[in-house]
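Note on naming: letters A, B, ... go to the chains in the order of the sequence lines (proteins, then strands), and numbering restarts at 1 for each one.
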Amino acid sequence: MINWLLEPFSFTFMRIGLVAAILVSITCAALGSYVVLRRMAFIGDALAHTVLPGLVVAFLNGWNLFGGAIAAGLLTALGIGWVSRRGVVREDTAIGVLFTAMFALGILMMSRMNSFRDLSHILFGNVLGVRLGDLYITAAIAVGVLLTLALLHKELELTSYDPTYAEGIGLRADRLRTLLLILLAFTVVSCIQIVGVVLTSALLVTPAAAAAMLTNRLPRMMLLAAAIAISSSVIGLYASYYANVASGAAIVLACTGSFFLAWVAHMLRTRVVRG
Amino acid sequence: MAFTYSGRHHVHPIANALALELEQLVVNYPGSPEPALDHVSLKLASGLRVALVGANGSGKSTLLKTVAGLLHPQAGTIRIYGHPVGACHHRVTYLPQRGDVDWRFPVSVKQMVLAGRYVHLGWLRRPGPKDQAMVMEVLERLGLSELAERQISQLSGGQQQRALLARALVQEADLLLLDEPLSAVDAPSRAIIAGVLADLRSENRTALVATHHLDRLDDEFDRVISLENGSLQTDRVIEEAGRRLAPARAPRYDQLVTRTI
């Protein structure tokens, strides 16, 4: 049994993949809690998709993929912030228009290339292809995002549930929201190598949504979401090693499984309370 | 040293300044042809409980939000204890309408009330034991001690209004702008809130309260101002002697008129 558990991690790429998946899980869980509570799930998904042209341009020019993705992600995050301040078009409409356009642009550029195989990793993730250099960037993003969330916890929390009072004491709710979008852009980029562009929002939303059903305190929700995301990542890695299935998809489905468990627990508990 | 949210440092009070002074205030909502506030002028001395009455859309909430700095006037001036809006955020508190708050958010009543201390703490500083003690004291005063650890959605309408009022009190502001604190409030909550307003008066603090509840205005307030279509309609000072003759039935706005300005 112990051999069965340890065997996958005798390979360096599996060890690097595991560490990357854990780091991304923690970051996604903490930020994902805000994404779920502030109903920003659609933006998270959109951000992951709009990163695609940035990745393709960087790939074609031999630049660092992270750099291209982060540039595209930040551009989108600031663009969304700008559009929502203007209030000309409804925000979700603007996101819907922009995100499909950016994604289509990415696919258009991809279709002109010969090597489609590398980019399938971008779309669906390849946690086992993470290089040591990528791991350092992922770690730096995790530290940056978590530190920001910790230092600004009381302000982010207050502007999330009562932006009117927050504005009344001089806080700028719109700026804090833009900050969250910027953190989201970084997180999404580090997430893409684990589960890919298409499935990134699952790692942001599903563990946090599961945790939301189990507690009614924000810090506890973040911790629980992190635990769910980490265990799902580990389960996904084992599944991909032993059953030879796509790692990203396995991780996402493990998250979905946890979500249903949390849902059942929530239903049972409310029934006990009512009964 | 605190890093304040507004980036400004706290200013010293000006002696003998009025609690609130509005001069020819005009506020427009973008895209709306009619101004939400149309040349409103008003002077409030400190230590008064002032009711702001009027139909929906008459401008009550707009007036409070403009004084709180949430809306920017197109014309006119606002002086709060002699200073412009935003010069002393900690001295003014705004109690939002219940619908402005996301009650499903996972915070406890205690944490929500603790947010009243944030304006004094500023960025990066966490609430200390003194802040916690102040919160517990105010929760006690408003009859919420036993609900302190509850998630905020688990409160009744009246308890939620009391929690919002508790947060405003914890801020220790001198001018309290309360937007519909009596909506969805049961009788016990209303009595508690009225008691708090009376205490504020004895502490020489000023409360400007938007309300739809016209019964017992004479008992609970010192002055009643009514708005209609963004203009000041009536302004009535309630004399102490009048209190004993509180009307038996709830009067309508137009019956409240004694002095038109």
Practice problem: Check the pair B:Leu155, B:Leu147 against side chain to side chain contact (heavy atoms under 4.5 Å, CB included), reporting the backbone distance first and the verdict last. | Solution: CA-CA 8 Å; B:Leu155 301 182; B:Leu147 307 173; 3.8 Å; yes
Kindly indicate, with the supporting measurements, whether the criterion side chain to side chain contact (heavy atoms under 4.5 Å, CB included) is fulfilled by A:Ile141 and A:Ile137. CA-CA 6 Å; A:Ile141 290 176; A:Ile137 300 176; 4.1 Å; yes
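Heavy atoms of B:Ala115 lying under 4.5 Å from chain A belong to its backbone as well as its side chain. Residue contact with chain A, scored on non-hydrogen atoms closer than 4.5 Å, involves the side chain of B:Thr93 exclusively. Heavy atoms closer than 4.5 Å to chain A are found in the side chain of B:Gln171, but not in its backbone. Interface residue A:Leu158: only side-chain heavy atoms are found under 4.5 Å from chain B. Contact annotation for B:Trp103: neither backbone nor side-chain heavy atoms come within less than 4.5 Å of a heavy atom of chain A. For B:Leu124, the parts lying under 4.5 angstrom from a heavy atom of chain A are both the backbone and the side chain.
Of all the listed residues (B:Arg104, B:Glu149, B:Gln154), the one sharing the greatest number of non-hydrogen pairs under 4.5 Å with chain A is B:Glu149. With respect to chain B, the highest number of heavy-atom pairs below 4.5 Å among A:Arg38, A:Glu157, A:Arg172 belongs to A:Glu157. Annotation: maximal heavy-atom pairing with chain A below 4.5 Å, among B:Pro30, B:Pro96, B:Ser153, occurs at B:Pro96. Ranked by heavy-atom pairs under 4.5 Å with chain A, the first of B:Ile152, B:Asp100, B:Val85 is B:Asp100. Ranked by heavy-atom pairs under 4.5 Å with chain B, the list A:Arg39, A:Met221, A:His153 is led by A:Arg39.
For B:Tyr81 and B:Ser46, the side-chain atoms include no donor-acceptor pair closer than 3.5 Å. A donor-acceptor contact closer than 3.5 angstrom is absent between the side chains of B:Tyr94 and A:Glu167. Inspection of the B:Glu34 and B:Ser32 side chains reveals no N or O donor paired with an N or O acceptor under 3.5 Å. Counted by atom type alone, B:Gln111 and B:Ser108 present one or more donor-acceptor pairs between their side chains at under 3.5 Å. A donor and an acceptor atom, one from each side chain of B:His212 and B:Asn56, are located under 3.5 Å apart.
When all heavy atoms of B:Ala163 and B:Val109 are compared, the pair lying nearest together is CB-CG1, 4.3 Å.
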